[in-house]
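Working notes for the structure below.
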Amino acid sequence: MEQFKIGIVCYPTFGGSGVVATELGKALAKEGHQVHFITYSQPTRLDFLNENLFYHEVNIRSYPLFEYPPYELALASKMVSVVKNEKLDLLHVHYAIPHASAAYMAKQILKTHGIYIPVVTTLHGTDITLVGKDASYEPVVTFSINQSDGVTAVSHDLRRETFEHFKITNEIEVIPNFIDLEKFKKQKKDHFKKAICPQGESLIVHTSNFRKVKRINDVVNIFANIHAEIPAKLLMIGDGPEREKAENLSRELGICEDVRFLGKLEAVEEVLSVADLFLMPSEKESFGLAALEAMACEVPVVSSNTGGIPELNVQGVTGFLSPVGDIEDMTRKSLFILDKNNLPRFKQNALKRAQEFDITQILPIYEAYYQKIMIESEAKTTL
Ligand code: GMT
């Protein structure tokens with residue numbers, strides 16, 4: 001395989017799209033490709049040293065006139081300088097807003113310098129399903145998707161939604177998210193399990209950014225129902241705007257002694273290693289990376305049946321799926337999985353399914369896709 005020089009643009013924060021972009025960049029660098037991250041701060045998971053990894057910070061110049069500093073302009077300018085100075089072969093932007101339109105701007109500027117840089121945009125979910133289709137962004141999102149040299153979506157459902165809500169004239173390739181099974185694997189943490197569940201209680205886990213779309217009150221309500229039937233504990237990992245409401249709800253329901261809010265955690269896999277069940281009752285979820293992380297640690301999933309989740313969580317095999325908001329159904333299914341006669345089978349199946357999404361399976365798909373886009377754009381420039 002030929003070695004490329006790739007620029008990766010993403011959100012550097014905790015959260016699905018930033019994690020996928022960072023893990024992809026790390027895996028590409030391990031394969032010998034040169035990877036240049038272009039973001040406003042060091043990506044959370046860019047925690048490892050490799051001679052092929054570079055980081056370029058976007059400098060956002062403030063000025064009293066700017067109520068809203070123009071991040072997109074600063075990002076486009078940074079892309080121009082990195083592509084020129086580092087002689088990049090391709091820009092891969094994750095999350096359309098505002099990365100795809102900034103890349104379009106950079107591409108046009110670079111053309112005036114005689115440089116043609118192909119741009120690949122990966123759609124992650126809310127950039128399409130929530131924010132992108134809002135009238136305040138839709139024209140720019142449509143335009144920048146259509147102007148990208150390549151477009152990928154993380155699930156078939158997200159691809160379908162993109163065609164449904166936008167006037168798309170471009171192809172969209174589905175490349176699912178992935179997991180590094182070397183990092184996400186069940187670790188022996190018996191002492192930890194014993195400390196949290198001293199009486200052998202069932203351990204239920206949820207991780208997310210606690211936004212409205214995650215329906216974390218449903219998590220607390222499902223847990224309260226489970227707790228009424230069997231001894232159980234709930235660990236809530238992450239932080240966000242809905243946290244306080246969920247904390248209050250667990251107090252009102254009288255279960256706060258058995259619910260712990262752990263905040264943002266770096267080593268989620270350590271907690272997942274001792275979990276029995278993962279809850280993902282989201283309103284929308286284009287893929288559900290957090291569920292894949294749980295499955296990799298042998299944790300079955302009870303989720304809603306929305307978006308791309310059914311492409312990951314297999315009904316009755318790796319867990320169960322219920323209609324959004326159906327707390328009673330999710331409770332019944334959780335209790336079924338937690339039954340000691342069923343749990344081992346679900347755990348095994350969850351791991352087996354996660355193995356299909358191992359980075360070693362998905363990385364070659366990205367490499368082949370980059371190669372195809374580069375060949376196509378070279379043909380465009382020589383026409
Ligand atoms: O879920 C979020 O709110 C964060 C968002 C993101 O961009 O970080 O996640 C989206 O992208 C992830 C990675 O591709 C997907 O696994 C999530 O399902 C998706 N979230 C939604 O569609 C709500």
Side-chain angles (χ1 to χ4, degrees), residues 8-25 27 39-41 43-46 92-100 120-134 137 141 151-162 164-165 172-180 184 206-216 218-219 236-243 264 268 278-296 301 303-313 321 324-325 353-354 357 359 362 365-366:
I8 291 188
V9 179
C10 62
Y11 283 105
T13 45
F14 279 93
S17 63
V19 167
V20 169
T22 313
E23 294 296 340
L24 176 63
T39 60
Y40 59 77
S41 68
T44 317
R45 291 239 186 130
L46 197 57
H92 185 178
V93 304
H94 290 260
Y95 205 89
I97 305 169
H99 302 146
V120 169
T121 298
T122 290
L123 309 173
H124 278 274
T126 46
D127 45 352
I128 296 298
T129 56
L130 284 181
V131 199
K133 68 184 185 202
D134 188 279
Y137 295 112
V141 173
V151 185
T152 76
V154 298
S155 64
H156 290 277
D157 189 75
L158 182 58
R159 178 182 186 275
R160 182 196 57 71
E161 275 222 41
T162 311
E164 191 180 311
H165 295 293
I172 301 181
E173 182 96 0
V174 175
I175 306 183
N177 285 335
F178 51 81
I179 186 96
D180 181 354
F184 276 89
H206 171 81
T207 71
S208 76
N209 50 28
F210 291 18
R211 298 209 183 110
K212 247 196 161 74
V213 70
K214 304 293 176 183
R215 298 184 66 102
I216 62 168
D218 287 7
V219 174
M236 299 286 280
I237 306 172
D239 207 348
E242 297 296 300
R243 175 174 170 166
K264 291 178 186 171
V268 187
F278 187 82
L279 292 177
M280 181 178 263
S282 306
E283 181 88 38
K284 279 193 177 294
E285 205 67 66
S286 68
F287 181 86
L289 187 65
L292 176 56
E293 293 180 343
M295 287 157 71
V301 175
S303 67
S304 50
N305 58 8
T306 189
I309 309 181
E311 295 170 45
L312 173 68
N313 189 17
L321 303 96
V324 172
R353 179 77 177 137
F357 295 88
I359 179 79
I362 310 298
I365 306 177
Y366 269 115

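Atoms considered below: every heavy atom in the structure, side chains included; atoms not considered: hydrogens, waters and symmetry mates. Residue numbers count from 1 along this sequence. Atoms within each ligand, like the ligands themselves, are counted from 1 in listed order.
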- Is the closest heavy atom of Lys214 to ligand 1 under 4.0 Å? yes
- Message: At less than 4.0 angstrom from any non-hydrogen atom of Ser286, what atoms of ligand 1 do you find?
- Response: 15 (C), 17 (C), 18 (O), 19 (C), 21 (C), 22 (O)
- Task: Please report the shortest heavy-atom distance between Ala96 and Val141, naming the atom on each side.
- Result: CB-CG1, 4.5 Å
- Message: For ligand 1 and Thr129, I'd like to know whether there is a polar contact (N/O to N/O, distance under 3.5 Å).
- Response: no
- Considering only heavy atoms of Asn177, which atoms of ligand 1 have at least one such atom less than 4.0 Å away? 13 (C), 14 (O), 16 (O)
- Query: For Lys212, does its backbone N or O pair with a side-chain atom of Glu283 as donor and acceptor, under 3.5 Å?
  - Reply: no
- Task: Return yes when atom OH of Tyr137 has more than 12 non-hydrogen atoms of other residues, nucleotides or ligands closer than 6.0 Å, and no otherwise.
- Result: no
- Query: Would you say Phe287 has any N or O atom under 3.5 Å from an N or O of ligand 1, going by distance alone?
  - Reply: yes
- Query: Does the side chain of Thr122 pick up a donor-acceptor pair with the side chain of His92 at under 3.5 Å?
  - Reply: yes
- Going by the atom numbers of ligand 1, which of them fall below 4.0 Å from some non-hydrogen atom of Glu285? 1 (O), 17 (C), 18 (O), 19 (C), 20 (N), 21 (C), 22 (O), 23 (C)
- Note on the structure: ligand 1 atoms nearer than 4.0 angstrom to some heavy atom of Gly125 are 22 (O)
- Query: Minimum heavy-atom separation for Leu158 to Ile128, with atom names?
  - Reply: CD1-CB, 3.9 Å
- With heavy atoms and a 4.0 Å threshold, my read on which part of Lys284 contacts ligand 1 is backbone
- Ring centres under 6.0 angstrom apart (His99, Tyr11): yes
- Query: Atoms of ligand 1 less than 4.0 Å from Tyr95 heavy atoms?
  - Reply: 7 (O)
- Query: Is Gly18 in polar range of ligand 1, meaning some N or O pair under 3.5 Å apart?
  - Reply: no
- Task: Using the salt bridge (charged side-chain N to carboxylate O under 4.0 Å, His left out) rule, take Lys214 and Glu285 through it: C-alpha gap first, then chi angles, then the decisive distance, then the call.
- Result: CA-CA 8 Å; Lys214 304 293 176 183; Glu285 205 67 66; 2.9 Å; yes
- Query: Going by the angle between their ring planes, with limits at 30° and 60°, are Tyr95 and His124 parallel, tilted or perpendicular?
  - Reply: parallel
- Note on the structure: For Arg211, the atoms of ligand 1 under 4.0 Å from one of its heavy atoms are 3 (O)
- Short list, please: which atoms of ligand 1 are under 4.0 Å from a heavy atom of Leu289? 16 (O)
- Which one of Thr122, Asn209, Thr126, Val20 has a non-hydrogen atom at the shortest distance from atom 3 (O) of ligand 1? Asn209
